[in-house]
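What follows is one structure encoded as structure tokens, with my remarks underneath.
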Amino acid sequence: MVRHKDSSQLEIGVLSPAQSTGVELLIAAGRAGELAVLDTTRECSPGLRALEVREAQLIDLCESLGPHFGVRLDGSSSTRLGVVLANLVLEKVGAPLDFLLIAGACADLRPVLAALRPFAHRIFREVISQAEADEAVLAGFDGVVVKGNECGGRVGSETTFILLQRLCPRLAIPVWARGGIGPHALAACLVAGARGVILDSQMAMAEESSLPGPLKALVAAMDGSETICLGQTLGCGFRAHRLRGAAAIRELHDLEVAG
């Protein structure tokens, strides 16, 4: 049975931090009644075979949570991987996953959705603009996750809350929020009409987080000024840490400014 909260409550999804190899944080979130979401779009720690790591993580999640968790996939390149992983869950516990989240740019969403439909009760699309949200509705997704430009990785030009307020009155499917979520923002999301939120970097310092020590230290020292958004003038924004690969970041920024 899929565990859904009533419409007066926000569902809270907890996304595994980048470079985490264990799933202790996700298991803790699932046992606390929240939705654990394994992120397969991020690289594993150097030297580890991604598919083997993901399969081991899924087995651990199945043994602890049954099918009551989610997986985030890159729709532009990982549909086959998604089928492999989701089918593993189906074989392991005899039931579809609770939740799949399709991220990334994708020219045609319908084949992605059709391929993954047998393996999950709910399939959401991560969107960075109103246009992508409209495409998700037309393709038949069960809901959308609004990803604001506070987030790392691929982003649009609007903050989470601005885009959320734009989409909630417009869409008939559930709208969730990701980016800049804290206690006060969570309450604002509920008032705006959101049905759920996704937490990711907010959980990096949790006791159960398996983030490597050096990366935890880097996160602990951050004050919010360390990131930069590149590519927005080209229509393909990407938020990165400006101090990691600083020379390349400066070169990309200079190229963008030069036009």
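We use all heavy atoms of the structure for the numbers below, so side chains are in, but hydrogens, waters and symmetry mates are not. Along the sequence shown, residues carry numbers from 1.
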- Please lay out, stage by stage, how V93 and V89 fare under the test side chain to side chain contact (heavy atoms under 4.5 Å, CB included). CA-CA 6 Å; V93 298; V89 175; 4.0 Å; yes
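- Between the side chain of T160 and the backbone N or O of K147, no donor-acceptor pair lies under 3.5 Å.
- Rounded to the nearest 0.5 Å, atoms OG1 (T40) and CD (E55) are 12.0 Å apart.
- A distance of 10.0 Å separates CD in E34 from CG in L10, rounded to the nearest 0.5 Å.
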- Task: For side chain to side chain contact (heavy atoms under 4.5 Å, CB included), just list the numbers for L97 and R122, CA-CA rounded to whole Å, side-chain angles, deciding distance to a tenth of an Å, and then say yes or no.
- Result: CA-CA 8 Å; L97 273 167; R122 297 179 290 171; over 6 Å; no
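- Cluster partners of L164, using a side-chain heavy-atom cutoff of under 4.5 Å among ILVMFWY residues and allowing indirect links, are V127, V137, V144, V146, F161, L163, L167, L171, I173, V175.
- From I198, atom CD1 reaches atom CD1 of I181 across 9.5 Å, with rounding to the nearest 0.5 Å.
- Within the structure, salt bridge (charged side-chain N to carboxylate O under 4.0 Å, His left out) pairs that include any residue of residues 174-185 comprise E126-R178, R178-D200 (at least two apart or interchain).
- Applying the salt bridge (charged side-chain N to carboxylate O under 4.0 Å, His left out) criterion to E158, with sequence neighbours excluded, gives R166.
- Smallest separation of non-hydrogen atoms from G156 and I128: N-CB, 3.6 Å.
- Residues V145 and L38 fall into different hydrophobic clusters, defined by Ile, Leu, Val, Met, Phe, Trp and Tyr side chains chained together at heavy-atom separations under 4.5 Å.
- The nearest pair of heavy atoms linking H121 to P96 is CD2-O, 3.9 Å.
- Hydrophobic clustering keeps V53 apart from V37 (ILVMFWY residues linked when any side-chain heavy atoms are closer than 4.5 Å, directly or through intermediates).
- Listed here is the closest heavy atom pair of G193 and C168: C-SG, 3.6 Å.
- Pairing each heavy atom of V112 with each of G75, the nearest pair is CG2-O, 3.8 Å.
- Remark: the backbone N or O of D39 is paired with a side-chain donor or acceptor of S16 at under 3.5 angstrom.
- Residues passing the side chain to side chain donor-acceptor pair (under 3.5 Å) test with R110: none are found, sequence neighbours excluded.
- No chain of hydrophobic side-chain contacts below 4.5 Å, direct or via other Ile, Leu, Val, Met, Phe, Trp or Tyr residues, connects V155 to L15.
- Taking each heavy atom of P118 and A115 in turn, the nearest pair found is CD-O, 3.6 Å.
- In this structure E150 satisfies the salt bridge (charged side-chain N to carboxylate O under 4.0 Å, His left out) test with no other residue, sequence neighbours excluded.
- The cluster map of Ile, Leu, Val, Met, Phe, Trp and Tyr, joined by side-chain heavy atoms under 4.5 Å apart, puts I59 and L100 in the same cluster.
- Applying the ring pair (Phe, Tyr, Trp, His ring centres under 6.0 Å) test to every pair with at least one member in residues 189-229, sequence neighbours left out, gives no pairs at all.
- Within the structure, no pair that satisfies the ring pair (Phe, Tyr, Trp, His ring centres under 6.0 Å) test touches residues 194-237, not counting sequence neighbours.
- Partners of N87 under the side chain to side chain donor-acceptor pair (under 3.5 Å) rule, at least two apart in sequence or in another chain, are E91.
- For E132, the side chain to side chain donor-acceptor pair (under 3.5 Å) partners two or more places apart in sequence, or in a different chain, are R154.
- Between K92 and E63 there is a side-chain heavy-atom pair separated by less than 4.5 Å.
- The structure places SG of C189 at 9.0 Å from CD of Q165, a figure rounded to the nearest 0.5 Å.
- Here F124 pairs with F99, W176 under the ring pair (Phe, Tyr, Trp, His ring centres under 6.0 Å) rule; sequence neighbours left out.
- Side-chain contact between L35 and I12 is absent, with no heavy-atom pair separated by less than 4.5 Å.
- Side-chain atoms of L113 and F141, non-hydrogen and from C-beta on, do get closer than 4.5 Å to each other.
- For D142, the salt bridge (charged side-chain N to carboxylate O under 4.0 Å, His left out) partners two or more places apart in sequence, or in a different chain, are R117.
- Hydrophobic clustering keeps L101 apart from L58 (ILVMFWY residues linked when any side-chain heavy atoms are closer than 4.5 Å, directly or through intermediates).
- Pairing each heavy atom of A206 with each of L25, the nearest pair is CB-CD1, 3.9 Å.
- Remark: D134 pairs with R170 by the salt bridge (charged side-chain N to carboxylate O under 4.0 Å, His left out) rule, at least two apart or across chains.
- At least one side-chain heavy atom of L116 sits under 4.5 Å from a side-chain heavy atom of I102.
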